[in-house]
Amino acid sequence: MDGTGGGTGDGPDGGPRGITWITGAGSGIGRALAIHLAKAGARVALSARGVDDLTAAIRQVPDRMHMVPLDVTDRSATAATVAAIESGLGPIDRAVLNAGTHIPMSLEDFSADSARRLMEVNYMGVVHGLEALLPRMRARGHGRVAVVASVAGYRGLPTAAAYGPTKAALINLCESLKPDCDRAGIRLQLVCPGFVDTPLTARNPFPMPDLMPVEDAARELADGLDSDRFEITFPRRFTRKLKLARCLPYRLYFPLLRKATGA
Ligand SMILES: NC(=O)c1ccc[n+]([C@@H]2O[C@H](COP(=O)([O-])OP(=O)(O)OC[C@H]3O[C@@H](n4cnc5c(N)ncnc54)[C@H](OP(=O)(O)O)[C@@H]3O)[C@@H](O)[C@H]2O)c1
């Protein structure tokens, strides 16, 4: 674990303020959120696999950011990371399980390898984080966890045959767990972004409607984390349309999809 800092003495009971843990914080949304929260005074532990990216990120607010390299597909490493953060820096009172990646897949390149890889990172990566965090938060009787899914989990979309199911699974997972978490004093939130300008979407070969600058996305996400909304979505103009599409019967959905995407 790298970085400096310690209790700021401004936590809920006058003790040290707890830690925010963000996975996938080496680039894109996770990195921008970590910087935004640290600039606002939070102590943030940043995880990703790439140490160079994490080093560059924590340079932005070095006294409040801590580097904790992790591959979220490694279940025991995730448990050890959470234990190390809590013993070294203090209780994690807020976690944003954001690590994820994308492999386009359609009929021509259909592959169990791509489907399995994305499930391992996007879905099991979150499950590993929850497994490590929830018993600790349950024992404390409080905590906040946000899971980053996607509007791609609302309905099937072209080229998202591997990615979409991982995000649909996360949405269902959060819906399933929310009532239990409520009873345990844990605030579970679901984050469903539309298109945000990050290294992930820079690879997309198609025009992305309402593409949002990553700093704006981080600000929207941070506001959502401070709210008691279950679902946090942005950019709203786009996510509202996707929400409506979610309700359409197939006989209307597929023609509309064809019109919108050419698929
Ligand atoms: N950008 C969008 O438009 C958009 C829309 C909807 C949802 N999302 C979701 O938002 C999240 C962040 O996406 P982004 O656009 O910010 O992507 P990004 O810029 O590619 O960032 C992804 C982050 O996840 C980390 N990561 C990938 N695999 C990992 C693993 N096995 N273990 C630990 N960390 C890992 C990456 O670092 P390393 O490679 O160094 O590990 C990186 O820090 C993802 O879950 C994505 O599905 C994004």
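Keep in mind that what you see is a predicted model, and the values were worked out from it rather than measured. Numbers for residues simply follow the sequence, beginning at 1.
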### Task
Let me see the working for His36 and Arg219 under side-chain contact (heavy atoms from CB on, under 4.5 Å), right down to the final yes or no.
CA-CA 7 Å; His36 179 93; Arg219 204 170 34 247; 3.7 Å; yes
### Message
Assess the residue pair Val61 and Val44 against the criterion (side-chain contact (heavy atoms from CB on, under 4.5 Å)); give the C-alpha distance rounded to whole Å, side-chain angles, the decisive distance to 0.1 Å, and a yes or no.
### Response
CA-CA 10 Å; Val61 196; Val44 187; over 6 Å; no
### Query
After noting the C-alpha distance and the side-chain angles of Phe234 and Asp216, does the key distance pass the side-chain contact (heavy atoms from CB on, under 4.5 Å) rule?
CA-CA 9 Å; Phe234 48 85; Asp216 294 355; over 6 Å; no
### Task
Decide side-chain contact (heavy atoms from CB on, under 4.5 Å) for Arg31 and Asp53; before the verdict, give the C-alpha distance in whole Å, the side-chain angles of both, and the deciding distance to 0.1 Å.
CA-CA 9 Å; Arg31 177 185 196 274; Asp53 281 349; over 6 Å; no
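Listed by chain and residue number, nothing satisfies the side-chain hydrogen bond (donor to acceptor under 3.5 Å, both in side chains) test with Glu120 (two or more places apart in sequence, or in another chain). Remark: Arg140 pairs with Glu86 by the salt bridge (charged side-chain N to carboxylate O under 4.0 Å, His left out) rule, at least two apart or across chains. Applying the side-chain hydrogen bond (donor to acceptor under 3.5 Å, both in side chains) test to Arg246 and every residue at least two apart in sequence or in another chain returns nothing.
Under 3.5 Å, the side chains of Thr78 and Asp74 contain no donor-acceptor pair of N or O atoms.
Screening residues 115-141 for ring-ring contact (aromatic ring centres under 6.0 Å, His included) gives no qualifying pairs among residues at least two apart or on separate chains. Identified under the side chain to side chain donor-acceptor pair (under 3.5 Å) test for residues 251-263, with sequence neighbours left out: none. Judged as a side chain to side chain donor-acceptor pair (under 3.5 Å), the pairs with a partner in residues 146-165 (not counting sequence neighbours) are, in order, Tyr154-Glu231, Tyr154-Lys243.
Judged by distance alone, the side chain of Thr23 and the main-chain N or O of Asn98 form a donor-acceptor pair under 3.5 Å. With Asp93 contributing its side chain and Arg144 its backbone, the two residues share no donor-acceptor pair below 3.5 Å.
Arg117 has its side chain within reach of Thr73: a pair of non-hydrogen atoms, C-beta onward, lies under 4.5 Å apart. Here the side chains of Asn122 and Lys167 are in contact, with some heavy-atom distance below 4.5 Å. At a threshold of 4.5 Å between non-hydrogen side-chain atoms, the residues Asn204 and His102 count as touching. Residues Met208 and Thr201 form a side-chain contact, since some pair of their non-hydrogen atoms from C-beta on lies under 4.5 Å apart. Two residues are said to be in side-chain contact when any heavy atoms from C-beta on lie closer than 4.5 Å; Leu225 and Thr20 fail this criterion. In this structure the side chain of Cys192 reaches within 4.5 angstrom of the side chain of Ile171, judged on heavy atoms. Using a 4.5 Å heavy-atom cutoff, the side chains of Ile29 and Val191 are not in contact. Within the 4.5 Å cutoff, the side chain of Leu97 has no heavy atoms near those of the Leu170 side chain.
Nearest heavy atom pair, residue Met67 against residue Leu54, reads SD-CB, 3.4 Å. Here the closest non-hydrogen pair linking Leu130 and Pro135 is O-CD, 4.0 Å. The two residues Ala169 and Met119 make their nearest non-hydrogen contact at CB-CE, 4.4 Å. Of all heavy-atom pairs between Thr239 and Gly194, the closest is CG2-N, 3.8 Å.
More than 12 heavy atoms of other shown residues, nucleotides or ligands fall within 6.0 angstrom of atom CZ in Arg229. The number of heavy-atom neighbours closer than 6.0 Å to OH of Tyr250, taken from other residues, nucleotides and ligands shown, is 12 or below.
The pair Lys178-Asp182 meets the salt-bridge criterion, with a side-chain N (NZ, NE, NH1 or NH2) lying under 4.0 Å from an Asp/Glu carboxylate O.
Clustering ILVMFWY residues whenever any of their side-chain heavy atoms sit less than 4.5 angstrom apart, transitively, puts Met105 in a cluster other than the one holding Val121.
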